[in-house]
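These notes concern the structure reproduced below.
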Amino acid sequence: YHMQVEEEDVQALLNCGDDHNIKDFDSFNFCPRTVPYRHMPCYVLKMFEDLNFIKRWRIKKNVLARFTLYVKKGYRDAPYHNWMHAFSVAHFAYLLIKNLRLVEEEHMTELQAFVFLVSCLCHDIDHRGTNNSFQTKCGTVLASLYSSEGSVMERHHLAQSMCILNTEGCNIFETLKGTLYSEALDLLRNNILATDLASHFRSVDDQREITRCYDKKNPSHRKLLHAMLMTCCDLNDQTKNWKVSKQTAEQIYDEFFSQGDLEKSMGTAPIEMMDREKASIPDLQVQFITNLVLPLFTNLAMVFPSVKSIVQIIERNREVWRIATAIFQKYSEKGMTGMDILLNAR
Ligand SMILES: Cc1nc2ccc(C(=O)N[C@]34C[C@H]5C[C@H](C[C@H](C5)C3)C4)cc2n2c(-c3ccccc3Cl)nnc12
Ligand SMILES: [Mg+2]
Ligand SMILES: [Zn+2]
(Lines give C-alpha, C1' and ligand atoms only; values in the text may rest on other atoms or scores of the structure.)
(Ligands and ions follow the chains in the order given, each with its own letter.)
Protein backbone atom coordinates (compact mmCIF):
# COMPACT_ATOMS: atom_id res chain seq x y z
CA TYR A 1 0.00 0.00 0.00
CA HIS A 2 1.56 3.26 -0.99
CA MET A 3 -0.31 6.37 -2.05
CA GLN A 4 1.32 8.08 -4.99
CA VAL A 5 1.14 11.71 -6.07
CA GLU A 6 1.88 12.32 -9.76
CA GLU A 7 4.67 14.79 -10.53
CA GLU A 8 2.46 16.44 -13.17
CA ASP A 9 -0.03 17.25 -10.37
CA VAL A 10 2.82 18.84 -8.40
CA GLN A 11 3.77 20.93 -11.46
CA ALA A 12 0.13 21.92 -12.07
CA LEU A 13 -0.18 23.05 -8.46
CA LEU A 14 3.05 25.07 -8.74
CA ASN A 15 1.57 26.87 -11.77
CA CYS A 16 -1.86 27.42 -10.18
CA GLY A 17 -0.84 31.07 -10.19
CA ASP A 18 -2.83 33.72 -8.45
CA ASP A 19 -5.73 34.01 -10.89
CA HIS A 20 -7.81 33.08 -7.83
CA ASN A 21 -8.23 36.14 -5.70
CA ILE A 22 -11.42 35.57 -3.76
CA LYS A 23 -12.58 38.69 -1.97
CA ASP A 24 -12.60 38.52 1.86
CA PHE A 25 -10.55 35.28 1.89
CA ASP A 26 -8.84 36.60 5.04
CA SER A 27 -12.07 37.58 6.83
CA PHE A 28 -13.80 35.60 9.61
CA ASN A 29 -17.02 35.86 7.55
CA PHE A 30 -15.45 33.90 4.68
CA CYS A 31 -16.62 30.27 4.34
CA PRO A 32 -13.69 28.10 3.10
CA ARG A 33 -16.18 25.44 1.99
CA THR A 34 -17.23 27.79 -0.84
CA VAL A 35 -13.74 27.47 -2.42
CA PRO A 36 -14.02 25.11 -5.44
CA TYR A 37 -12.68 21.68 -4.38
CA ARG A 38 -10.06 21.60 -7.20
CA HIS A 39 -8.68 25.00 -6.08
CA MET A 40 -8.18 24.07 -2.41
CA PRO A 41 -4.53 22.93 -2.75
CA CYS A 42 -3.76 26.25 -4.49
CA TYR A 43 -5.32 28.16 -1.61
CA VAL A 44 -3.19 26.18 0.85
CA LEU A 45 -0.07 27.49 -0.92
CA LYS A 46 -1.63 30.97 -0.95
CA MET A 47 -2.07 30.86 2.84
CA PHE A 48 1.58 29.85 3.41
CA GLU A 49 2.65 32.59 0.96
CA ASP A 50 0.42 35.24 2.53
CA LEU A 51 1.74 34.48 6.05
CA ASN A 52 5.29 34.78 4.66
CA PHE A 53 6.14 31.24 5.87
CA ILE A 54 7.76 30.29 2.51
CA LYS A 55 10.35 33.07 2.73
CA ARG A 56 10.81 32.97 6.52
CA TRP A 57 11.45 29.19 6.59
CA ARG A 58 13.01 28.98 3.07
CA ILE A 59 10.52 26.28 2.06
CA LYS A 60 11.03 25.00 -1.51
CA LYS A 61 7.69 25.55 -3.29
CA ASN A 62 7.80 22.15 -5.02
CA VAL A 63 8.25 20.50 -1.58
CA LEU A 64 5.27 22.43 -0.15
CA ALA A 65 3.20 21.53 -3.23
CA ARG A 66 4.10 17.82 -3.00
CA PHE A 67 3.50 17.81 0.79
CA THR A 68 0.05 19.42 0.30
CA LEU A 69 -0.97 16.86 -2.33
CA TYR A 70 0.18 13.95 -0.14
CA VAL A 71 -1.78 15.35 2.81
CA LYS A 72 -4.88 15.78 0.60
CA LYS A 73 -4.43 12.20 -0.67
CA GLY A 74 -4.10 10.98 2.93
CA TYR A 75 -7.73 11.90 3.67
CA ARG A 76 -10.51 9.44 2.95
CA ASP A 77 -13.91 10.16 1.46
CA ALA A 78 -15.79 10.24 4.81
CA PRO A 79 -18.99 12.32 5.03
CA TYR A 80 -17.37 14.88 7.37
CA HIS A 81 -13.77 13.94 8.23
CA ASN A 82 -12.42 14.53 4.71
CA TRP A 83 -10.02 16.91 2.92
CA MET A 84 -12.58 19.75 2.85
CA HIS A 85 -12.76 19.61 6.67
CA ALA A 86 -8.95 19.73 6.87
CA PHE A 87 -8.88 22.70 4.48
CA SER A 88 -11.53 24.58 6.50
CA VAL A 89 -9.64 23.91 9.77
CA ALA A 90 -6.37 25.15 8.24
CA HIS A 91 -8.17 28.22 6.85
CA PHE A 92 -9.41 29.12 10.35
CA ALA A 93 -5.83 28.83 11.68
CA TYR A 94 -4.80 31.23 8.87
CA LEU A 95 -7.56 33.66 9.96
CA LEU A 96 -6.49 33.47 13.63
CA ILE A 97 -2.80 34.02 12.84
CA LYS A 98 -3.60 36.96 10.54
CA ASN A 99 -6.55 38.66 12.27
CA LEU A 100 -5.53 38.11 15.91
CA ARG A 101 -1.91 38.99 14.98
CA LEU A 102 -0.75 35.97 17.03
CA VAL A 103 2.96 36.43 16.16
CA GLU A 104 3.04 40.23 16.33
CA GLU A 105 1.32 40.17 19.75
CA GLU A 106 3.78 37.45 20.85
CA HIS A 107 1.14 34.78 21.52
CA MET A 108 3.09 32.49 19.17
CA THR A 109 6.64 32.40 17.88
CA GLU A 110 7.05 32.34 14.09
CA LEU A 111 7.82 28.62 14.35
CA GLN A 112 4.71 27.92 16.46
CA ALA A 113 2.53 29.76 13.91
CA PHE A 114 4.08 27.83 11.01
CA VAL A 115 3.57 24.44 12.74
CA PHE A 116 0.05 25.50 13.89
CA LEU A 117 -1.06 25.84 10.25
CA VAL A 118 0.64 22.57 9.23
CA SER A 119 -0.95 20.76 12.24
CA CYS A 120 -4.45 21.84 11.18
CA LEU A 121 -3.91 20.55 7.64
CA CYS A 122 -2.73 17.17 8.99
CA HIS A 123 -4.85 16.82 12.16
CA ASP A 124 -7.37 14.22 10.83
CA ILE A 125 -5.33 12.40 8.14
CA ASP A 126 -6.70 8.92 7.30
CA HIS A 127 -9.81 9.35 9.50
CA ARG A 128 -12.22 6.50 8.89
CA GLY A 129 -15.42 8.24 10.03
CA THR A 130 -15.40 6.40 13.37
CA ASN A 131 -14.28 7.83 16.73
CA ASN A 132 -11.88 6.70 19.48
CA SER A 133 -14.57 4.82 21.46
CA PHE A 134 -15.32 2.74 18.33
CA GLN A 135 -11.63 1.79 17.87
CA THR A 136 -11.38 0.54 21.44
CA LYS A 137 -14.86 -1.08 21.56
CA CYS A 138 -14.28 -3.00 18.32
CA GLY A 139 -10.59 -3.73 18.89
CA THR A 140 -9.43 -2.24 15.59
CA VAL A 141 -5.79 -2.36 14.46
CA LEU A 142 -5.40 1.29 15.50
CA ALA A 143 -6.68 0.44 19.00
CA SER A 144 -4.12 -2.38 19.29
CA LEU A 145 -1.43 0.14 18.34
CA TYR A 146 -2.45 3.12 20.49
CA SER A 147 -5.27 2.38 22.96
CA SER A 148 -2.84 2.02 25.90
CA GLU A 149 -1.96 5.73 25.56
CA GLY A 150 -5.47 6.96 24.61
CA SER A 151 -6.33 9.43 21.78
CA VAL A 152 -6.14 6.49 19.36
CA MET A 153 -7.21 8.33 16.19
CA GLU A 154 -5.11 11.42 16.95
CA ARG A 155 -1.97 9.28 17.41
CA HIS A 156 -2.72 7.69 14.03
CA HIS A 157 -3.18 11.12 12.36
CA LEU A 158 0.22 12.11 13.84
CA ALA A 159 1.88 8.89 12.63
CA GLN A 160 0.48 9.43 9.11
CA SER A 161 1.75 13.03 9.15
CA MET A 162 5.26 11.85 10.13
CA CYS A 163 5.14 9.31 7.25
CA ILE A 164 4.45 12.12 4.78
CA LEU A 165 7.25 14.29 6.22
CA ASN A 166 9.58 11.29 5.73
CA THR A 167 8.46 10.82 2.11
CA GLU A 168 11.01 11.89 -0.57
CA GLY A 169 10.58 15.56 -1.48
CA CYS A 170 7.81 16.22 1.08
CA ASN A 171 9.64 17.33 4.21
CA ILE A 172 8.61 20.97 4.61
CA PHE A 173 10.55 21.04 7.93
CA GLU A 174 13.86 20.02 6.24
CA THR A 175 15.24 23.59 6.37
CA LEU A 176 14.73 23.80 10.17
CA LYS A 177 18.19 23.42 11.74
CA GLY A 178 19.02 21.56 14.95
CA THR A 179 16.63 22.11 17.86
CA LEU A 180 14.12 23.96 15.62
CA TYR A 181 13.41 20.66 13.80
CA SER A 182 12.73 18.67 16.99
CA GLU A 183 10.73 21.61 18.40
CA ALA A 184 8.56 21.59 15.27
CA LEU A 185 7.83 17.86 15.67
CA ASP A 186 6.97 18.35 19.38
CA LEU A 187 4.57 21.17 18.46
CA LEU A 188 3.00 19.04 15.70
CA ARG A 189 2.46 16.24 18.23
CA ASN A 190 0.97 18.49 20.95
CA ASN A 191 -1.31 20.24 18.43
CA ILE A 192 -2.71 17.07 16.83
CA LEU A 193 -3.19 15.31 20.22
CA ALA A 194 -5.00 18.46 21.46
CA THR A 195 -7.78 17.85 18.88
CA ASP A 196 -9.07 14.87 20.91
CA LEU A 197 -12.21 16.39 22.46
CA ALA A 198 -11.85 14.10 25.48
CA SER A 199 -8.55 15.84 26.34
CA HIS A 200 -10.18 19.22 25.68
CA PHE A 201 -12.84 18.36 28.27
CA ARG A 202 -10.14 17.39 30.77
CA SER A 203 -8.45 20.79 30.50
CA VAL A 204 -11.58 23.01 30.46
CA ASP A 205 -11.16 24.12 34.09
CA ASP A 206 -7.53 25.13 33.52
CA GLN A 207 -8.55 26.97 30.33
CA ARG A 208 -11.17 29.03 32.18
CA GLU A 209 -8.59 29.69 34.92
CA ILE A 210 -5.83 31.04 32.65
CA THR A 211 -8.11 33.06 30.35
CA ARG A 212 -9.29 35.16 33.32
CA CYS A 213 -5.79 36.62 33.74
CA TYR A 214 -3.84 35.44 30.72
CA ASP A 215 -0.01 35.71 30.89
CA LYS A 216 1.48 35.28 27.41
CA LYS A 217 4.97 34.87 28.88
CA ASN A 218 3.86 31.87 30.94
CA PRO A 219 4.76 28.65 29.00
CA SER A 220 1.89 26.62 30.50
CA HIS A 221 -0.59 29.41 29.63
CA ARG A 222 0.73 29.43 26.05
CA LYS A 223 0.56 25.65 25.73
CA LEU A 224 -3.08 25.62 26.94
CA LEU A 225 -3.97 28.53 24.64
CA HIS A 226 -2.48 26.72 21.63
CA ALA A 227 -4.53 23.62 22.52
CA MET A 228 -7.68 25.81 22.73
CA LEU A 229 -6.86 27.34 19.34
CA MET A 230 -6.57 23.86 17.77
CA THR A 231 -10.05 22.97 19.09
CA CYS A 232 -11.43 26.33 17.87
CA CYS A 233 -10.12 25.56 14.36
CA ASP A 234 -11.58 22.04 14.53
CA LEU A 235 -15.00 23.58 15.35
CA ASN A 236 -14.74 26.46 12.86
CA ASP A 237 -17.95 25.47 11.01
CA GLN A 238 -19.90 26.64 14.09
CA THR A 239 -18.59 30.19 13.55
CA LYS A 240 -20.05 30.52 10.04
CA ASN A 241 -23.63 31.16 8.86
CA TRP A 242 -26.58 28.89 9.66
CA LYS A 243 -26.41 27.08 6.28
CA VAL A 244 -22.82 25.92 6.96
CA SER A 245 -23.76 24.93 10.52
CA LYS A 246 -26.72 22.85 9.24
CA GLN A 247 -24.70 21.23 6.43
CA THR A 248 -21.93 20.32 8.91
CA ALA A 249 -24.45 18.78 11.32
CA GLU A 250 -25.84 16.63 8.49
CA GLN A 251 -22.34 15.41 7.58
CA ILE A 252 -21.33 14.71 11.18
CA TYR A 253 -24.52 12.83 12.03
CA ASP A 254 -24.23 10.93 8.76
CA GLU A 255 -20.89 9.68 10.13
CA PHE A 256 -22.18 9.18 13.67
CA PHE A 257 -25.29 7.24 12.56
CA SER A 258 -23.19 5.03 10.26
CA GLN A 259 -20.96 4.24 13.24
CA GLY A 260 -24.09 3.52 15.29
CA ASP A 261 -25.37 1.16 12.57
CA LEU A 262 -21.97 -0.59 12.55
CA GLU A 263 -22.02 -0.97 16.34
CA LYS A 264 -25.57 -2.38 16.24
CA SER A 265 -24.51 -4.89 13.55
CA MET A 266 -21.70 -5.95 15.88
CA GLY A 267 -24.19 -6.53 18.71
CA THR A 268 -23.29 -3.49 20.85
CA ALA A 269 -25.65 -0.58 21.61
CA PRO A 270 -24.39 2.81 20.33
CA ILE A 271 -24.62 5.93 22.53
CA GLU A 272 -27.78 7.97 21.81
CA MET A 273 -25.82 10.57 19.77
CA MET A 274 -24.95 7.81 17.28
CA ASP A 275 -28.31 6.00 17.26
CA ARG A 276 -30.42 7.24 14.33
CA GLU A 277 -33.54 5.82 16.05
CA LYS A 278 -33.02 7.90 19.20
CA ALA A 279 -30.99 11.00 18.33
CA SER A 280 -32.61 14.42 17.86
CA ILE A 281 -30.03 16.42 15.90
CA PRO A 282 -31.31 19.88 16.92
CA ASP A 283 -31.26 18.90 20.61
CA LEU A 284 -27.74 17.47 20.32
CA GLN A 285 -26.59 20.58 18.45
CA VAL A 286 -27.97 22.91 21.16
CA GLN A 287 -26.22 20.79 23.82
CA PHE A 288 -22.91 20.70 21.88
CA ILE A 289 -22.95 24.47 21.33
CA THR A 290 -23.97 25.17 24.95
CA ASN A 291 -21.57 22.71 26.63
CA LEU A 292 -18.54 22.98 24.34
CA VAL A 293 -18.49 25.57 21.57
CA LEU A 294 -19.75 28.65 23.45
CA PRO A 295 -17.63 28.15 26.60
CA LEU A 296 -14.54 27.63 24.43
CA PHE A 297 -15.00 30.74 22.25
CA THR A 298 -16.17 32.79 25.27
CA ASN A 299 -12.92 31.91 27.06
CA LEU A 300 -10.98 32.80 23.90
CA ALA A 301 -12.78 36.16 23.77
CA MET A 302 -11.40 36.88 27.27
CA VAL A 303 -7.93 36.87 25.71
CA PHE A 304 -8.91 38.30 22.28
CA PRO A 305 -11.84 40.78 22.55
CA SER A 306 -12.34 40.76 18.73
CA VAL A 307 -13.54 37.11 19.08
CA LYS A 308 -16.72 38.47 20.76
CA SER A 309 -18.27 38.96 17.29
CA ILE A 310 -17.74 35.24 16.61
CA VAL A 311 -19.40 34.35 19.94
CA GLN A 312 -22.48 36.30 18.78
CA ILE A 313 -22.66 34.30 15.53
CA ILE A 314 -22.45 31.04 17.51
CA GLU A 315 -25.23 32.23 19.84
CA ARG A 316 -27.42 33.15 16.85
CA ASN A 317 -26.86 29.69 15.32
CA ARG A 318 -27.86 28.12 18.63
CA GLU A 319 -31.11 30.15 18.59
CA VAL A 320 -31.90 28.75 15.14
CA TRP A 321 -31.25 25.21 16.41
CA ARG A 322 -33.58 25.92 19.35
CA ILE A 323 -36.35 26.95 16.91
CA ALA A 324 -35.56 23.85 14.84
CA THR A 325 -35.96 21.77 18.01
CA ALA A 326 -39.45 23.17 18.58
CA ILE A 327 -40.50 22.64 14.95
CA PHE A 328 -38.74 19.26 14.87
CA GLN A 329 -40.86 18.10 17.83
CA LYS A 330 -44.08 19.56 16.38
CA TYR A 331 -43.71 17.98 12.91
CA SER A 332 -41.62 14.89 13.59
CA GLU A 333 -44.75 12.72 14.06
CA LYS A 334 -45.77 13.81 10.53
CA GLY A 335 -42.47 12.36 9.23
CA MET A 336 -41.35 15.83 8.10
CA THR A 337 -38.09 17.11 9.55
CA GLY A 338 -38.40 20.48 11.18
CA MET A 339 -35.19 21.72 9.61
CA ASP A 340 -36.52 21.43 6.05
CA ILE A 341 -39.63 23.38 7.10
CA LEU A 342 -37.41 25.92 8.84
CA LEU A 343 -35.26 26.39 5.75
CA ASN A 344 -38.31 26.68 3.49
CA ALA A 345 -39.69 29.31 5.86
CA ARG A 346 -36.46 31.40 5.78
C1 LIG B 1 -21.30 19.89 15.47
C2 LIG B 1 -20.48 18.86 16.20
N3 LIG B 1 -21.09 18.07 17.08
C4 LIG B 1 -20.38 17.14 17.78
C5 LIG B 1 -21.05 16.33 18.75
C6 LIG B 1 -20.32 15.42 19.53
C7 LIG B 1 -18.96 15.28 19.34
C8 LIG B 1 -18.15 14.32 20.21
O9 LIG B 1 -17.18 13.79 19.78
N10 LIG B 1 -18.59 14.18 21.50
C11 LIG B 1 -17.91 13.34 22.53
C12 LIG B 1 -18.80 13.36 23.78
C13 LIG B 1 -18.13 12.57 24.91
C14 LIG B 1 -16.77 13.19 25.25
C15 LIG B 1 -15.87 13.16 24.01
C16 LIG B 1 -15.69 11.70 23.59
C17 LIG B 1 -17.05 11.09 23.22
C18 LIG B 1 -17.95 11.10 24.48
C19 LIG B 1 -17.72 11.89 22.08
C20 LIG B 1 -16.53 13.96 22.86
C21 LIG B 1 -18.28 16.03 18.35
C22 LIG B 1 -18.98 16.98 17.58
N23 LIG B 1 -18.36 17.79 16.61
C24 LIG B 1 -17.09 17.91 16.14
C25 LIG B 1 -15.89 17.14 16.47
C26 LIG B 1 -14.80 17.80 17.05
C27 LIG B 1 -13.63 17.09 17.32
C28 LIG B 1 -13.52 15.74 17.02
C29 LIG B 1 -14.60 15.07 16.44
C30 LIG B 1 -15.77 15.80 16.14
CL31 LIG B 1 -17.08 14.99 15.37
N32 LIG B 1 -17.06 18.90 15.24
N33 LIG B 1 -18.29 19.42 15.11
C34 LIG B 1 -19.10 18.73 15.97
MG1 LIG C 1 -9.95 14.56 14.86
ZN1 LIG D 1 -11.09 17.57 12.78
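Count residues from 1 along the sequence. Numbering of ligands and ligand atoms starts at 1, following listing order.
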Does any donor atom in the side chain of Tyr80 or Asp237 lie under 3.5 Å from an acceptor atom in the other side chain?
yes
Among all the protein's non-hydrogen atoms, which is closest to atom 25 (C) of ligand 1, and how far away is it?
Leu197 CD1, 4.1 Å
Using a distance-only test with no angle check, is there a side-chain donor-acceptor pair under 3.5 angstrom linking His123 and Asn191?
no
Quick one: sort the Phe25 and Tyr94 rings into parallel, tilted or perpendicular, breaks at 30° and 60°.
tilted
Looking at atom 11 (C) of ligand 1, is any protein heavy atom nearer than 4.0 Å to it?
no
Which angle, to 10 degrees, forms at the Zn ion (ligand 3) with NE2 of His85 on one side and NE2 of His123 on the other?
100°
What protein heavy atom lies closest to atom 16 (C) of ligand 1? Include the residue and the distance to one decimal.
Ala198 CB, 4.6 Å
Give me the nearest non-hydrogen protein atom to atom 6 (C) of ligand 1 as residue plus atom name, then the distance to 0.1 Å.
Met273 SD, 3.4 Å
Taking it one step at a time, do His200 and Met230 satisfy side-chain contact (heavy atoms from CB on, under 4.5 Å)?
CA-CA 10 Å; His200 165 75; Met230 283 303 294; over 6 Å; no
Under 2.8 Å from the Mg ion (ligand 2), is there any N, O or S atom belonging to Asp124?
yes
Look at the aromatic rings of His81 and His127 and report parallel, tilted or perpendicular, splitting at 30° and 60°.
parallel
Metal-centred angle, the Zn ion (ligand 3) as apex - OD1 of Asp234, OD2 of Asp124, 10° resolution
170°
Find all atoms of ligand 1 within a distance of less than 4.0 Å from any non-hydrogen atom belonging to Gln238, and give their numbers and elements.
1 (C)
Fit a plane to each ring of Tyr75 and Trp83, take the angle between them on a 0 to 90° scale, and name the class: parallel (under 30°), tilted (30 to 60°) or perpendicular (over 60°).
tilted
Same hydrophobic cluster for Met47 and Ile164, using side-chain heavy-atom links shorter than 4.5 Å among ILVMFWY?
yes
Heavy-atom protein neighbour under 4.0 angstrom from atom 2 (C) of ligand 1
yes
What atoms in ligand 1 come closer than 4.0 Å to a heavy atom of His81?
29 (C), 31 (Cl)
Can you say whether the rings of Phe256 and Tyr253 are parallel (under 30°), tilted (30 to 60°) or perpendicular (over 60°)?
perpendicular
Can you list the steps and then say if Phe173 with Val118 is a side-chain contact (heavy atoms from CB on, under 4.5 Å)?
CA-CA 10 Å; Phe173 293 155; Val118 174; 4.0 Å; yes
Just let me know how Asp196 lines up against ligand 1, side chain, backbone, both or neither, with a heavy-atom cut-off below 4.0 Å.
neither
Quick test: of every protein heavy atom, which one is nearest to atom 33 (N) of ligand 1, and how far off is it to 0.1 Å?
Ile252 CD1, 3.1 Å
So, do His107 and Phe116 have ring centers that fall under 6.0 Å from each other?
no
Ion pair check, Arg322 and Glu319, cut-off under 4.0 Å
yes
Is the shortest distance from atom 27 (C) of ligand 1 to a protein heavy atom below 4.0 Å?
yes
Closest to atom 14 (C) of ligand 1 (heavy atoms only, candidates Phe201, Trp321, Tyr253) is Phe201
Verify atom 21 (C) of ligand 1: protein non-hydrogen atom under 4.0 angstrom away:
yes
Tell me, please: is Glu255 in heavy-atom contact with ligand 1, that is, under 4.0 Å?
no
Please state which protein non-hydrogen atom is closest to atom 23 (N) of ligand 1 and give its distance, to 0.1 Å?
Phe288 CZ, 3.4 Å
